[in-house]
Amino acid sequence: MPLALLALAVGAFGIGTTEFVMMGLLPDVADDLHISIPAAGHLVSAYALGVVIGAPLLAAVTSRMSRRTVLIGLMALFVVGNTLSAFAPGPDSLLAARFLSGLPHGAFFGVGAVVATTMVAPERKARSVSLMFLGLTVANIAGVPVATLMGQHLGWRATFLGVGAIGLAAIAALALLIPHDHTPAPAGGLRGELAALRSLPVWLALGTTVAGFGALFAAYSYITPMLTDAAGYAETSVTMLLALFGVGATIGNLAGGRLADHSLRGTLFGGLLALTAVLALFPLLMSAPWTAALAVILLGAAAFITGSPLQLMVMEKAAAAPSLASSANQAAFNLANAGGAWIGGLALAAGFGVTSPALTGAALAVLGLGVAGVAYAVDRRHAVSEPGWERVVASHVPQRSSSPSGV
C-alpha cells in the first residue's frame with residue numbers, strides 16, 4: 001500500500017476527532033458560554049448540517065480541479081473552522097464556526113476515497129479505502145479521549161486549537177505524499193456530474209448507507225444510559241468503554257476492506273446481517289458488565305465492516321462522477337446519524353426501556369438488508385437484459401440505451 005494513504009489517514013484522524021469530541025465537551029462549553037446543555041447540543045447538529053451541505057456542494061464545485069489541490073484546500077478550510085471555534089466569543093459565533101468545520105468533512109472523505117483507489121491495483125481498492133477510514137476509527141480510540149481530557153484540564157478552546165494543529169500536520173503530509181495529478185474536466189461539466197447521480201443503483205447504494213448506519217446510531221446515540229442504567233457501569237467508566245467501540249470499529253473497518261476486495265456484495269450483506277444480530281441481542285448483552293463491554297466492541301465491528309463496501313459501491317455505480325457520489329455517501333452517513341438518533345429516541349421516549357433503541361436499530365438494519373437486496377435484484381435484472389451492465393453501470397449509459405440516467 002502506498003505511503004500516501006498515511007496522509008489521508010492523518011486528515012481522517014483530525015476530522016474524526018473534531019466530529020465526536022464535542023459530545024464529551026458539551027458540559028464545559030455550556031458552562032463557559034452560559035447556555036443550557038440542549039442549546040449546546042445544537043453545536044453537534046450544526047457540524048452535521050455542514051457535512052450534509054458541504055459534501056456534495058464542495059465536491060461538485062471542485063470537480064475540475066486537481067484532487068491533490070482539493071484535498072489540501074479542504075483541510076485548510078478544516079483548520080480555519082477549528083481555529084475560529086477556539087476563539088469564538090459566544091454561542092452564535094461558535095455555532096457558525098462548527099458549521100464551517102463540517103463543510104469539508106464529507107468532500108474530504110469523498111475525494112480522498114477516489115484518490116486512494118487510484119493509487120492501488122483494482123483488487124486492493126476496498127482495502128485502500130479502509131486504510132483511509134482507519135484514521136476515523138482510531139480517532140475514537142485515541143483522538144477523542146485525549147482531546148476530551150485536554151478540554152477538561154486546559155479548557156475546551158485548547159481542544160480545538162489542538163485539532164487545528166492536527167489539520168496543519170495533515171496539510172503537510174498531503175503536500176509531501178499525495179502525487180500531483182491532472183484531473184480532466186467532466187465531459188458534461190457540472191450538469192453532467194449531477195446527471196450521473198440520477199441512476200437508481202446510486203440511490204439504492206445511498207439508501208443502504210442511510211438505513212445501515214442509521215441502525216448503528218439508533219443504538220450508539222444512547223449507549224451511555226444503556227451502559228450505566230442497564231449494565232451497571234459508573235459514568236466515569238463510559239469514556240473507556242467508548243474507546244472499546246473504536247477498537248471494534250477499527251477491526252471491522254480493516255476486515256471489511258480485505259473481505260470486500262474478494263466479494264463486495266457478500267461483505268455488505270454479511271456486515272448488515274451481523275449488525276442485525278448484535279443489535280437484536282443488545283438487551284441480553286447489556287444485562288452484565290462483561291457482556292456489555294463485548295457488545296460495544298461487536299457493535300463497532302459489525303457496523304464498520306460495511307463502511308468500505310458501501311463507499312466503493314457508490315463510487316462504482318457513479319464512475320462518471322466518483323468524487324461527487326463518494327461525497328454524497330458521506331452526506332448520507334450524517335443523515336443516518338441524525339435520523340438514527342431520532343428514531344432511537346422515539347423508542348426511548350415511548351417508555352419501551354433503556355435498551356429499546358438497539359431494537360429499533362435492528363429493524364433499521366433489516367431495512368438496510370432489504371434495500372441492498374433490491375439493489376442486487378436491479379443489477380441482476382440489467383445483467384440479464386443488457387450484457388455488460390456491470391462494466392458500464394458506473395457511467396450510467398447502458399450499452400443498449402442512450403439515457404443519461406442509465407435506469
**OP:** Working to the nearest 0.5 Å, report the span between CG of L298 and CG of L285.
**Re:** 7.0 Å

Subject >> Ring center gap for F133 and F109 short of 6.0 angstrom >> reply: yes

Original post:
What pair of heavy atoms forms the shortest contact from P283 to L359, and how long is it?
Top reply: CG-CD2, 3.9 Å

Original post:
Taking all non-hydrogen atoms of both residues, which atom of V371 and which atom of L204 are closest, and how far apart?
Top reply: CG1-O, 3.4 Å

Original post:
With a 4.5 Å limit on heavy-atom distance, are the side chains of V296 and L242 in contact?
Top reply: no

Subject >> Smallest separation among heavy atoms of L279 and A215, with atom names >> reply: CD1-O, 3.7 Å

**OP:** Enter the distance from I166:CD1 to T17:OG1 here, rounded to the nearest 0.5 Å.
**Re:** 5.0 Å

Original post:
Parallel, tilted or perpendicular: which describes the rings of Y220 and F245, with under 30° parallel and over 60° perpendicular?
Top reply: parallel

Original post:
Do R157 side-chain atoms and A88 backbone N/O form a donor-acceptor pair below 3.5 Å?
Top reply: yes

Subject >> Student check: side-chain heavy atoms of D32 and V29 closer than 4.5 Å >> reply: no

**OP:** Fit a plane to each ring of F217 and F213, take the angle between them on a 0 to 90° scale, and name the class: parallel (under 30°), tilted (30 to 60°) or perpendicular (over 60°).
**Re:** tilted

Original post:
Side-chain contact, heavy-atom cut-off 4.5 Å: L49 with F99?
Top reply: yes

Original post:
Is there a side-chain contact between Y47 and H105 (heavy atoms, below 4.5 Å)?
Top reply: yes

**OP:** State, with a plain yes or no, whether a side-chain heavy atom of T360 is found less than 4.5 Å away from one of L346.
**Re:** no

Original post:
Looking only at heavy atoms, what is the nearest atom pair of L272 and A372, with distance?
Top reply: CD1-CB, 4.3 Å

Original post:
Taking C-beta and beyond as the side chain, do D31 and W156 meet within less than 4.5 Å on heavy atoms?
Top reply: no

**OP:** Please tell me if the side chains of F333 and V51 come closer than 4.5 Å, counting only heavy atoms from C-beta onward.
**Re:** no

Original post:
Looking at side-chain heavy atoms only, is the closest gap between V111 and M65 below 4.5 Å?
Top reply: no

**OP:** Say whether R98 and T18, considering side chains only, have a donor N or O and an acceptor N or O under 3.5 Å apart.
**Re:** yes

